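Just below is one structure, and these are the notes that go with it.
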Amino acid sequence: MPVRMSISGLLWGSCQSPPKAKALPNSKSKTTGNLKRALNAIRPELGRAEIARLTAAFFCVVAASTLSALGPVALKILIDTLSGEGSPAQISGLVFAPLLVLAAYVGAQAFGRLAGELRMLLFGGAEQSISRKLSRKLFAHVMALPMRFHLQRATGAIAQTLENGLQGYRLVMQHALFTILPGLIEIVIMAAILAHFFDWVFLAVFAACALGYGIVFTDGARKVLRASRALSAARIDANAQLADGLLNFETVKSFSGEDAVTRRYDDTLATTQGRWRAFYRTRFANGAAIAVVFAAGLAAILWLAVTRVQAGAMTIGDFVLVNTYMLQIVRPLELLGFGIRDIGQGAAYIERMLDLLDEDPEPKARGTGTRDAGGDGPARIVFENVTFSYNQGRTVLDDLSFAIEPGSVTALVGSSGGGKSSIVRLILRFYEPDAGRILFDGVPLTDYPAADLRRLIAVVPQDTSLFNASLAFNIGFPDYESAREDVERAARLASLDTLVQKLPEGFDTIVGERGLKLSGGEKQRVAIARASLKQPRLFIADEATSSLDSRTEAEIVDNLATAARGITTLIIAHRLSTIVKADDIIVLDNGRIAERGRHGDLLARDGLYAGLWRAQTEREDGRDGEEGDGRS
């Protein structure tokens, strides 16, 4: 008996050996670390319903594995009974013992399968709920990341990272519950039965097989993990190229660049295909080694059983039991190996997603600033000695100080790269200044939660990006469930009512990807309507008319003036003709204030602003002259 217990312990220990193998300490520690990080990320998403479903699925796994392991014992007793080799103790002296044993065998098979199906039902419901919550958490986290992060990442790469991460979670959960756990349960029960019915030689062969499986799977897990990481990176790159081409399809069409982007995408697909081939070669090599171990073990155990049956030391039922267990024990051992290997693959998929979750979101407020911190009405904005650079390189803003008074219209002008748009990004807290501070009604911006601050500000950008949704949705965003009368009022203020009448479904018309079904002027009017619906305390127009023709520009300027009436307004202007009525014009040059004043005063100084005015006026006069020559 002590010998049997030690062999059983060896079998049990060898089945656990793959994840503890010393052959891959770096990969093992990294995989374990990723799994701990994954568990910590998913734990808050587990509600009572998910825990209850997973617990019930766990008991179904225990039941199915137990019945699967005990089924062959009933078959052995039945065969021995029918062949007359069974002892009275085995058949209990009952006339109907064969039928009872047969019923037990069939029942074990039937209830084992039923428990397996119920396990899938319970686990599937829990998995989908967890997947939804995790997807929402990931999306919310990505949307909360700072602008600096998004400017450095490809949209397609982020999407593929999230998809890979979710696939990795499914692999880990499925294998933890459906392969590792049932495999361990079946091996424990089989080891106990073998220890009861047979001598230590059979256990030694089983233990040797388990050890061989452990070595093969350990080596396979390390190689598959390496191939999975390379494959994951290639898939992310390919998806990034796909998204890049789709997002820029208008440019592709304009330059007849279909072949160019297709070749570019195909290059990444070729790389991905090569990584898949390497992945499948690795899995094939591992599977071939498993087949060799299986064949050797099966041959050894059957040879021992045949010799024992011929010598009268074993019954036919014993031979069937040994053969069945030899065939059946492959399954839990393979489950363990495949589970460990594929959990490593899942951990590799999860790794990049966890790195994404580790990215710091936008900084939280340091103080107690709220929407009512500076009172209602137009805001006052103050820059105090603000210095800013994007990548610790060239300084974009250098010790900049100025104030925007409540209810005034202030314009920022200057050459490209002078820092105009950077000021807008700092006010919106897309970035933080390197030095100095910015005040909103006397409260530092860092005291405001970024989301609360942005609710006080409305922006009409140079290039308005719209959702592939209805016109009403885009006007009402982010409160897209706004009352229809509010949306209609904002549309009238932005002179969109004529457009709405022409659209086939009015406000319910889908505007297309990024609003491509609308003209540039129409998209700007949608942005103005959206901004006015927000009822902001600061209105920002960031070169909102720079890409429009002169007639549309004049109409949009009137719409902006109407929407921003009585609100503190900051205009970033390229065309100086749009800001001649501004209360204050700030001329930037290399991140500093070169001049400041009203339009007439700046022209009288004959400085940088006057030079910009003359240059634009001459260009426009020359353009008008060319058009006149063409008409004559």
Side-chain angles (χ1 to χ4, degrees), residues 131-133 135-145 147 150-151 153-160 162-163 166 239-240 242-253 428 430 450-451 454-455 457-536 539-542 544 547-548 552 556 559-560 563:
S131 179
R132 174 193 171 188
K133 291 181 178 180
S135 298
R136 181 178 59 199
K137 176 179 181 178
L138 291 168
F139 183 76
H141 179 77
V142 170
M143 297 307 294
L145 293 176
M147 180 69 73
H150 288 282
L151 292 177
R153 299 294 197 283
T155 302
I158 295 175
Q160 187 64 46
L162 298 183
E163 182 182 339
L166 292 173
N239 203 65
L242 174 64
D244 200 29
L246 293 175
L247 289 173
N248 293 285
F249 77 90
E250 192 170 358
T251 301
V252 173
K253 292 288 186 184
L428 291 168
F430 289 162
R454 292 166 192 160
R455 292 190 186 100
I457 304 170
V459 181
V460 178
Q462 177 181 0
D463 182 19
T464 299
S465 181
L466 302 181
F467 295 94
N468 188 19
S470 69
L471 180 63
F473 176 97
N474 280 282
I475 293 175
F477 184 83
D479 300 320
Y480 51 83
E481 295 180 348
S482 302
R484 178 56 65 92
E485 55 267 23
D486 293 334
V487 172
E488 293 176 354
R489 175 181 53 79
R492 284 194 300 271
L493 185 144
S495 300
L496 276 171
D497 42 349
T498 303
L499 170 66
V500 173
Q501 294 173 2
K502 295 178 180 179
L503 294 176
E505 298 181 38
F507 282 101
D508 296 322
T509 301
I510 304 300
V511 301
E513 190 101 20
R514 293 178 295 151
L516 289 177
K517 293 182 180 180
L518 304 181
S519 68
E522 290 167 346
K523 288 198 293 184
Q524 293 305 87
R525 288 190 177 92
V526 172
I528 294 170
R530 178 190 295 169
S532 65
L533 192 61
K534 199 173 186 181
Q535 297 182 338
F539 193 100
I540 299 176
D542 187 3
S547 60
L548 305 177
T552 306
I556 295 300
N559 296 146
L560 286 170

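The model shown is predicted, which means the values in this text are computed figures rather than measured ones.
In this structure, Ser470 has no side-chain hydrogen bond (donor to acceptor under 3.5 Å, both in side chains) partners at least two apart in sequence or on a different chain. Scanning for side-chain hydrogen bond (donor to acceptor under 3.5 Å, both in side chains) contacts around Thr509 gives an empty result, with sequence neighbours left out. Residues passing the side-chain hydrogen bond (donor to acceptor under 3.5 Å, both in side chains) test with Asp508 are Arg484, sequence neighbours excluded. In this structure Ala529 satisfies the side chain to side chain contact (heavy atoms under 4.5 Å, CB included) test together with Ile475, Ala490, Ala494, Leu496, sequence neighbours excluded. The salt bridge (charged side-chain N to carboxylate O under 4.0 Å, His left out) test applied to Lys517 returns no partner, not counting sequence neighbours. Applying the ring-ring contact (aromatic ring centres under 6.0 Å, His included) rule to Phe467 yields the partners Phe473, Phe477; only residues at least two apart in sequence or on another chain are considered. Under the side chain to side chain contact (heavy atoms under 4.5 Å, CB included) criterion, Leu428 pairs with Val424, Phe430, Arg454, Ile457, Val459, sequence neighbours left out. Arg132 meets the side chain to side chain contact (heavy atoms under 4.5 Å, CB included) test with Arg136; sequence neighbours excluded. Under the side-chain hydrogen bond (donor to acceptor under 3.5 Å, both in side chains) criterion, Ser519 pairs with Glu522, not counting sequence neighbours. For Thr464, the side chain to side chain contact (heavy atoms under 4.5 Å, CB included) partners two or more places apart in sequence, or in a different chain, are Pro461, Leu466, Lys523, Gln524, Ala527.
Within the model, atoms CG of Asp486 and CD of Glu488 stand 9.5 Å from one another, a figure rounded to the nearest 0.5 Å. Rounded to the nearest 0.5 angstrom, His141 NE2 and Lys137 NZ are separated by 9.0 Å.
Leu518 places a side-chain heavy atom less than 4.5 Å from the side chain of Leu499. The shortest distance between side-chain heavy atoms of Leu533 and Arg489 falls below 4.5 Å.
Of all the heavy atoms in Asn474 and Arg530, the pair that sits closest is O-NE, 2.8 Å.
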Between Leu138 and Leu166, does a side-chain contact (heavy atoms from CB on, under 4.5 Å) hold up when you go through it step by step?
CA-CA 10 Å; Leu138 291 168; Leu166 292 173; 4.0 Å; yes
